[in-house]
Structures are given as structure tokens and as C-alpha cells.
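Report on the structure given below.
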2 protein chains.
Amino acid sequence: MDFIFVMTSEAAKIFVDYLAGNGLSMTPQRKVIVETFLETKGHFSAEELLALVQKTVPEVGQATVYRTLKLLVDSGLAESHDFGCGVALYEHSYGHEHHDHLVCTRCQKKVEVVDESIEKRQEILARKNGYVLTNHRMMLFGLCPACQKLRDKEEAES
Amino acid sequence: MDFIFVMTSEAAKIFVDYLAGNGLSMTPQRKVIVETFLETKGHFSAEELLALVQKTVPEVGQATVYRTLKLLVDSGLAESHDFGCGVALYEHSYGHEHHDHLVCTRCQKKVEVVDESIEKRQEILARKNGYVLTNHRMMLFGLCPACQKLRDKEEAES
DNA sequence: AATAGGATGAAAATGGATTTCATTTTCGTC
DNA sequence: GACGAAAATGAAATCCATTTTCATCCTATT
């Protein structure tokens, strides 16, 4: 494969630096995976990313996608979340403020939420127990507006 | 098997009622699983519960433990949590106030935490986005006091 | 005690994620 | 440019918690 490694976005530079800093090398596979990752918005699974990558380079293997996704997480570009649907979903974390998620239990629609006072309280809770807080996971589950309407309609029919 | 089904605790009654209310029957296996569950404190996996159950009745199968654990969750006696360690951990939920967890990332020590103002804010966040909040998961990760000391000692040595 | 449907255990299946391993690439060095 | 050690890759195998299958057994009601 004859590739020219030009990755211009800031995020891409971070990844390249991460590789260099850890004695890892850029490869055509990593390049296409990272580029595809950076172009993809929202929350997606490793399998979905693999499918997108294979649209460009069909011979990329799933193991490589899983491996590169791990590098993306370690380099700080990606974050992995378990929304309880059985697969890990990934999202961008570079250039995105920290946030938690509000998830519709019916259609899976996800809204990013932040609340400074919750974050402060979490810190206090940890300290009160002598823990040094390193990170947290908060997920709110409920019915989104659209699904509330659908549910109401269904109930009216029955 | 000749069993006399006497389960006297309130929790046990709830389970029996749940079975009756759903056309399910009490069986020796369910009885020993529920009794063992009720005697066990803290957080434990299905496999750990299976081992405890088999101390009393070795021929109980793991599928039955998984199935009964599901009934326990549905009946409101148990709660299942994913602490990110690869297995679901269960804990009692009857007679236990709602709480979230503060987990040591090193020794897995878990502390139950509650914060009314966080709960209120979660409700507000959901409402602000038009969602009807049904439940939430919050997990705080950090280093517990003991593990902080261990880490400091290790760092001093190196 | 007959019977229908539920419950059980052993074993197989599931499925996302990881590992293995033979092969291919990368990249610093000659 | 060519060399060679170390890293990276893809296909397939493996892992492992959980679920499902299925033949058999039990329960509750008649």
C-alpha cells in the first residue's frame, strides 16, 4: 500500500503524537480507521465503525478496529460507554466537554447533559469517604418526548 | 425431594407472592437459591451465588441460578450492577434505600452513597430535556484510603 | 393417578471482545 | 536502497458470562 500520511486535524495530530510517544507506528489501517472515526458523529459500536472503514478499505480486519479503538481511547480521542445495550458505544472526546448522558429507554436517543453542581457533589461524596475521585459514570434513563407521545397513543388504542 | 416451604422473612414473602402473582411455582431449587441470596451480604456474582447454593444442594444448575436471579430482580428483591469488572454483581434491594456506589479502582471496595441534591438535579436535567426520568445509574470511581497508602508506599520504594 | 404446563440441568449456543499465530510492514541502521 | 528486529495485521480460534435448547422431571389441579 502506498499511502501518504497527511492527517491535518488537531485530533489527528494528537493520535500521531500518541503513537510516536509510545513507540508505535502509523499504518494505513490505523490511518483509515482514525479518519473514519473522526468523520463519524454520535455514538457507534466497533462493528459499525468496522463497516464504515471497510467501505473505504474492505480488507481491514475487525481485530484491528478493536485494537485501534483502544488506542483512540488511550490517546484521549475517544470514550467508550456501556449503555446497557450489550455493546460498547464510542464517541469523540477530544474537543468535547465532559458530559453525562440522558438515554431514552425506548428509542435509545441520547442527550448530553452536564450539571456543575452534581459534579461538585460527587467530589464531596468521594472526599467525605476518604476516596480520591478519578472519574465517574452517570446515566439517566427515561422516555424522550417523542416516545412519550407514542406510548400515550398506544395506550389510547388499547 | 421432600421440602417444607417455610420462608418467614418479609423478603421471602415478597418473592413467594411474586411467584404466585405470575403463575409461577415455588420449587426446592428456587427456595434454596432465594434463602442463600437472602443470607448473603454485599455484592456478589451469579457464579459466587451458585457456589454458595451448591454448598447446600450441589445439584442445582447454574442456569437455574441465573433464571432465579432474574426473578429476584423482577420481584424487586435484588438489583444488578455492572461495575465494569466483566460480570454482573447483585445486591439486596428490599429494605435497602436507593443508593449509588463509590468504587475503589484498585481493590474494588464499594461504599454506598446517596445525595439528595444530586437526585433532585437529575430530575431537573431530565425534565429540562422533556424526558420522563425512570431511573439512573451513577458510579463514582477513585482510590480508597487504604489503596492511597499502598500507592504512596509503592511510589516511595521506586 | 392423570394431565398439562412449568421447571430443571447438562450441554450447546450466543456474541462481543480478545488472543493466537503465521505473515507482512515499518523504520532505524548499514 | 537493503537488512533485520520489532511491531502490526487479518483470519481464525478462543474466551467467557450469559442464554437457550431440549429431554426429562416436577407441580398443581382435576
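Naming convention: chains lettered A, B, ... in sequence-line order (proteins, then strands); numbering from 1 in each chain.
Spacing between atom CG of A/Leu49 and atom C1' of C/dG16 amounts to 15 Å, rounded to whole angstrom units. At whole-Å resolution of the value, CD in B/Glu59 and C1' in C/dA7 are 15 Å apart. Taking atom CG of B/Leu69 as the reference point, atom P of C/dT8 lies 13 Å away to the nearest angstrom. Separating the CG atom of B/Asp82 from the P atom of C/dG16 is a distance of 16 Å, rounded to the nearest angstrom. D/dA6 atom C1' lies 15 Å from atom CG of A/Asn22, rounded to whole Å. Here C/dT8 presents its P atom at 14 Å from NZ of B/Lys31, a figure rounded to the nearest Å. Whole-Å rounding puts the A/Met26 CE to D/dT9 C1' distance at 15 Å. The distance from atom CZ of B/Arg30 to atom P of D/dC25 is 19 Å, rounded to the nearest whole Å.
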Could you run through nucleotides 16-23 of chain D and give me one letter per nucleotide, 5' to 3': B if any protein heavy atom sits under 4.0 Å from the base, S if only the sugar-phosphate is that close, - if neither? -SBBBB--
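Within the structure, a side-chain polar atom (N or O) of B/Gln29 is placed less than 4.0 Å from OP1 or OP2 of C/dG9. Side-chain nitrogen and oxygen atoms of B/Thr27 include none within less than 4.0 Å of the OP1 or OP2 phosphate oxygen of C/dG6.
The hydrophobic cluster containing A/Met139, built from Ile/Leu/Val/Met/Phe/Trp/Tyr side-chain heavy atoms closer than 4.5 Å, also comprises A/Phe83, A/Val87, A/Leu89, A/Val103, A/Phe141. Other members of a hydrophobic cluster containing B/Tyr66 are absent, since no ILVMFWY side chain comes under 4.5 Å of it, directly or through relayed contacts. Chaining together hydrophobic side chains whose heavy atoms lie under 4.5 Å apart places B/Tyr131 alongside A/Leu102, A/Val111, A/Val113, A/Ile118, A/Leu125, A/Tyr131, A/Leu133, A/Met138, A/Leu140, B/Leu102, B/Val111, B/Val113, B/Ile118, B/Leu125, B/Leu133, B/Met138, B/Leu140.
In terms of the ring-ring contact (aromatic ring centres under 6.0 Å, His included) criterion, residue partners of B/Phe37 (sequence neighbours excluded) are, by chain and number, B/Phe44, B/His92. For B/Asp82, the side chain to side chain contact (heavy atoms under 4.5 Å, CB included) criterion is met by A/Asp82, not counting sequence neighbours.
What you find for B/Tyr18 and B/Ser75 is that their closest heavy atoms are CG-CB, 3.4 Å.
Considering only side-chain atoms of A/Leu24, the nucleotide from D/dA7, D/dT9, C/dG9 that sits closest is D/dA7. Of the candidate nucleotides D/dG10, C/dT26, C/dG9, C/dT26 has the atom lying nearest to any side-chain atom of A/Ser25.
Using a 4.0 Å cut-off between a side-chain N of Lys or Arg and a carboxylate O of Asp or Glu, B/Lys153 and B/Glu157 do not qualify as a salt bridge.
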